[in-house]
Amino acid sequence: MIRVYNTLTKTKEDFEPLQAGKVGIYLCGPTVYAQSHIGHMVGPVIFDSIKRYLQYSGYDVTWVVNITDVDDKLIVKSREQGISMEQLATEMTADYLTNLKSLGVDQIDVMPRATEHMKHIIAFIESLVDQGFAYDVDGDVFFEVEKDANYGHLSNRSLDSTQGAGGEAAARKRSANDFALWKSAKPTEPSWDSPWGAGRPGWHIECSAMSREILGEEFDIHGGGLDLVFPHHENELAQSACCHGKPMVKYWMHNGLMRAGGNDGKVGGRAEQDGDDDEQATVETKISRSRGAGGLADLIGRQGGQRIRFFLLKSHYRSTIVFSETGIEETGKALTAFERLFERFQRISGNSFFELPIADNKSTGDFDAGECDFLLQVQAHRAQYLAKMDDDFNTGGAISDLFDLVRSINRFIDQTSLESADNADTTNNASLKQALLTMRELTALLGIFMSEQTEDDTMGEDQGLTEQLMQLMLALREEARANKDFATADRIRDGLLEVGITIEDRADGAQWHK
RNA sequence: GGCGCCGUGGCCAAGUGGCUAAGGCAGUGGAUUGCAAAUCCUCCAUCCCGGGUUCGAAUCCCGGCGGCGCCUCCA
């Protein structure tokens, strides 16, 4: 049984979808007025893994991530850049999609854009007006919060504790808490025709309209960053629940936010200081665009998408992650242990890990360990891993079992001497393969090691030359070693190390890697 | 001010009432190696502080101290 933490009830609940066997997930995506930063990737990466795990657990999952391509900030930014709102949205959407791809997020089924659903948005607002939950004033339409008895339950706040937006619309609202469903357009602003005149949707209504269109009036999981609980999700919930007279979502799931570390982070800006502090203190603050976060593409270029993905999955999705590039680098070191094992497996079996079939559900991944101690260990690691994933998608805990599995496999190879050339024990080889199949199954749930990383394909032409030169160096060194001329052999090895190349002498010959 | 979250070894990070407190990075000693690298084995924390509840708490309650988020746009 999968358990899920629900923001609405503030408890972990057994996961039972509304319709047996089917799950609908809606994740709030970005407003595409600027390039995405690493914080935007937290939700997509974790939900990408959540979808994989739910499918693996036997559910038919539909995952929706929206793109907000109409918004006040888009208007302002596009004007600054002298381009149309549409063009800015198109460019920034492309940036977002590229980043998602780099991080291996490829499970999204539908990515609706607000501007493509204007009809549905307007119809939704009309329905709210007709039912008396909303009112229009001079071309603006507002949701009347007092009409919703449940308002504030999700974010746990009472009406008088909220401040409501000030701004120019304040005078027209019946109450400060009311929020805009439709905003009238000034002559130069992009607009759509509506029963209330030319205008554009408010921030929250698109999600209500699009989720209904794609997933229905009530669906299983709604996700987003913790910062969206109020006002965004509270307002979405109010709109949808009032409009349909039933709950909008069964499980509200919110991921923790990323913070910028003080020193090597530099992704975010500096937090506002309270004045009386000395200023060298290590400041950690939420990463956000308004504080100048950016440079995700560069970061991916330096670290690679897989490391970043693994870094995000290493901690629990509800906890805060402090961004640090050194942290990402350490994570990368840990990943090489897997990569070495995959190479080891290839040397022994001749099979590529990346070409092993992926068990796509729990039962096909199961196997009979028989009396084999090693396979019993593998089975135990697998069971523990899955138990942690069942418990609110505890990827951080589950990853520890992956490392345990690596160690078990290496130990098995050492103890059975599977690596020595004259060992053709088919039973042990079969056990080894089974263990790697399990590794493949479990890592695929996290969306890592899906395919071989081609990190340096930009330098394709040099690659062949480098390989030739290295073979020459290794041959020279081998000669020296055969002659017990270790001084020369070591000189070659040390010299190569200085340019970042490590040599490994193994029974079957020397090998090099960067 | 209101509503929340967090504080586990040098660093990162699981665990939230009961086996010897996961795992990673760094470090230690050993096996292996011509020496290394890789791999394996070994060692490395009583959980911010003070009370309380309990047969028993890192895990629940109260009080401190420290950090952070939301209440305004935000993944």
Side-chain angles (χ1 to χ4, degrees), chain A residues 7 10 27-31 33-34 36-47 65 71-73 96 152 155-158 160-167 203 223-232 254-259 271 281-282 284-291 293 310-311 314-316 318-322 324 326-337 340-341 343-344 384 388 391 394-404 406-415 419 481 484-487 489-490 493-494 497 502-507 510-513:
Chain A
T7 308
K10 279 128 196 111
L27 176 71
C28 280
T31 302
Y33 67 91
S36 37
H37 62 258
I38 187 168
H40 290 120
M41 298 293 117
V42 178
V45 166
I46 178 65
F47 274 94
V65 178
D71 163 272
D72 291 9
K73 283 192 174 170
Y96 182 68
S155 58
N156 189 30
R157 57 191 81 202
S158 59
D160 36 293
S161 75
T162 60
Q163 317 221 334
W203 175 32
L226 216 41
D227 52 348
L228 294 185
V229 176
F230 188 90
H232 187 51
H254 291 96
N255 59 267
L257 302 176
M258 180 169 274
R259 285 187 298 158
T282 310
E284 286 178 356
T285 182
K286 188 177 100 183
I287 287 179
S288 71
R289 284 168 173 157
S290 57
R291 292 189 171 120
F310 195 69
F311 175 73
K314 227 179 53 169
S315 22
H316 190 93
R318 278 191 281 113
S319 65
T320 304
I321 301 173
V322 178
S324 110
T326 51
I328 293 173
E329 272 165 18
E330 281 183 10
T331 299
K333 285 183 194 164
L335 286 178
T336 61
R340 288 206 190 88
L341 174 62
E343 287 167 15
R344 213 176 178 195
Q384 284 176 23
K388 285 172 190 158
D391 183 11
N394 182 359
T395 54
I399 282 171
S400 73
D401 298 305
L402 248 30
F403 283 103
D404 286 340
V406 170
R407 184 176 294 110
S408 288
I409 295 172
N410 274 322
R411 188 192 298 129
F412 178 71
I413 295 172
D414 286 355
Q415 287 175 350
E419 225 165 350
R481 290 183 74 209
K484 306 254 184 235
D485 178 6
F486 295 121
D490 290 350
R493 187 175 61 198
D494 294 345
L497 194 59
T502 307
I503 294 203
E504 292 178 31
D505 293 320
R506 359 183 105 268
Q511 221 180 339
W512 69 277
H513 63 83

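Chain letters run A, B, ... following the sequence lines, proteins first and then strands; every chain starts at 1.
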Spacing of the [atom1] atoms in [M] and [N] (rounded, Å):
{"N": "rC6(B)", "M": "rA45(B)", "atom1": "P", "value": "26 Å"}
{"N": "rA58(B)", "M": "rA22(B)", "atom1": "C1'", "value": "14 Å"}
{"N": "rC25(B)", "M": "rC40(B)", "atom1": "P", "value": "10 Å"}
{"N": "rC65(B)", "M": "rG51(B)", "atom1": "C1'", "value": "15 Å"}
{"N": "rG69(B)", "M": "rG23(B)", "atom1": "P", "value": "33 Å"}
{"N": "rC48(B)", "M": "rU8(B)", "atom1": "P", "value": "6 Å"}
{"N": "rG27(B)", "M": "rG17(B)", "atom1": "C1'", "value": "34 Å"}
{"N": "rG7(B)", "M": "rC47(B)", "atom1": "P", "value": "14 Å"}

According to a strict under-4.0 Å criterion, is [X] in side-chain N/O contact with OP1 or OP2 of [N]?
{"X": "S319(A)", "N": "rA14(B)", "answer": "yes"}
{"X": "R344(A)", "N": "rU39(B)", "answer": "no"}
{"X": "N156(A)", "N": "rG4(B)", "answer": "yes"}
{"X": "R340(A)", "N": "rU39(B)", "answer": "yes"}
{"X": "N255(A)", "N": "rA75(B)", "answer": "no"}

Side chains of [X] and [Y], heavy atoms from C-beta outward: is any pair under 4.5 Å?
{"X": "F311(A)", "Y": "E329(A)", "result": "no"}
{"X": "M258(A)", "Y": "H37(A)", "result": "no"}
{"X": "L226(A)", "Y": "N255(A)", "result": "no"}

May I ask you to verify whether the side chain of [X] and the base of [N] hold a donor-acceptor pair under 3.5 Å?
{"X": "K333(A)", "N": "rC25(B)", "value": "no"}
{"X": "D414(A)", "N": "rC41(B)", "value": "no"}
{"X": "N394(A)", "N": "rG15(B)", "value": "no"}
{"X": "R259(A)", "N": "rG69(B)", "value": "no"}

Separation of [N] [atom2] from [X] [atom1] (nearest whole Å):
{"X": "F311(A)", "N": "rC11(B)", "atom1": "CZ", "atom2": "P", "result": "16 Å"}
{"X": "M258(A)", "N": "rC70(B)", "atom1": "CE", "atom2": "C1'", "result": "19 Å"}
{"X": "I503(A)", "N": "rA37(B)", "atom1": "CD1", "atom2": "P", "result": "13 Å"}

Indicate, with a heavy-atom threshold strictly under 4.0 Å, whether [X] touches base, sugar-phosphate, or nothing.
{"X": "H254(A)", "answer": "nothing"}
{"X": "G29(A)", "answer": "sugar-phosphate"}
{"X": "T331(A)", "answer": "nothing"}
{"X": "D71(A)", "answer": "nothing"}
{"X": "D490(A)", "answer": "base"}
{"X": "L226(A)", "answer": "nothing"}
{"X": "D404(A)", "answer": "sugar-phosphate"}
{"X": "R481(A)", "answer": "base"}
{"X": "G224(A)", "answer": "sugar-phosphate"}
{"X": "R493(A)", "answer": "base"}

Inset, instruction - May I ask you to say whether D391(A) pairs ionically with K388(A), meaning some side-chain N is under 4.0 Å from a carboxylate O? - result: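 Result for this pair is no, no salt bridge flagged.
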
Inset, instruction - Before accepting this row, confirm whether a basic side-chain N of the pair R411(A)/D414(A) lies closer than 4.0 Å to the acidic partner's carboxylate O. - result: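 Salt bridge absent between R411(A) and D414(A).
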
Need the pair for [N]. Rule: Watson-Crick or G-U wobble, both distances under 3.5 Å, any strand; none if unpaired.
{"N": "rU32(B)", "value": "none"}
{"N": "rC55(B)", "value": "rG18(B)"}
{"N": "rG1(B)", "value": "rC71(B)"}

Inset, instruction - For V406(A) and for S155(A), locate the closest nucleotide of RNA chain B by heavy-atom distance; then report the residue assigned to the nucleotide nearer the 5' terminus. - result: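 That would be S155(A).
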
Legend entry - Closest-nucleotide ordering on RNA chain B, the 5'-leading residue of Q415(A) and L228(A):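 The answer here is Q415(A).
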
Inset, instruction - State whether a side-chain donor-acceptor pair under 3.5 Å links N410(A) with R344(A). - result: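 Distance-only check passes for N410(A) and R344(A).
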
Legend entry - Distance, nearest 0.5 Å, that separates CZ of R340(A) from NE2 of H513(A):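 Rounded to the nearest 0.5 Å, the CZ-NE2 separation comes to 5.0 Å.
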
Legend entry - Stacking check F403(A) vs rG23(B) (5.5 Å / 30 deg):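 The base of rG23(B) is not stacked with F403(A) (the test needs centres under 5.5 Å and planes under 30°).
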
Legend entry - Nucleotide nearest D505(A) (side chain, heavy atoms from C-beta), chosen from rA75(B), rG24(B), rG34(B):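 Shortest atom-to-atom distance from the side chain points to rG34(B).
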
Legend entry - T331(A) side-chain N/O to G327(A) backbone N/O, donor-acceptor pair under 3.5 Å: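 Pair found, side chain donor or acceptor close to backbone of G327(A).
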
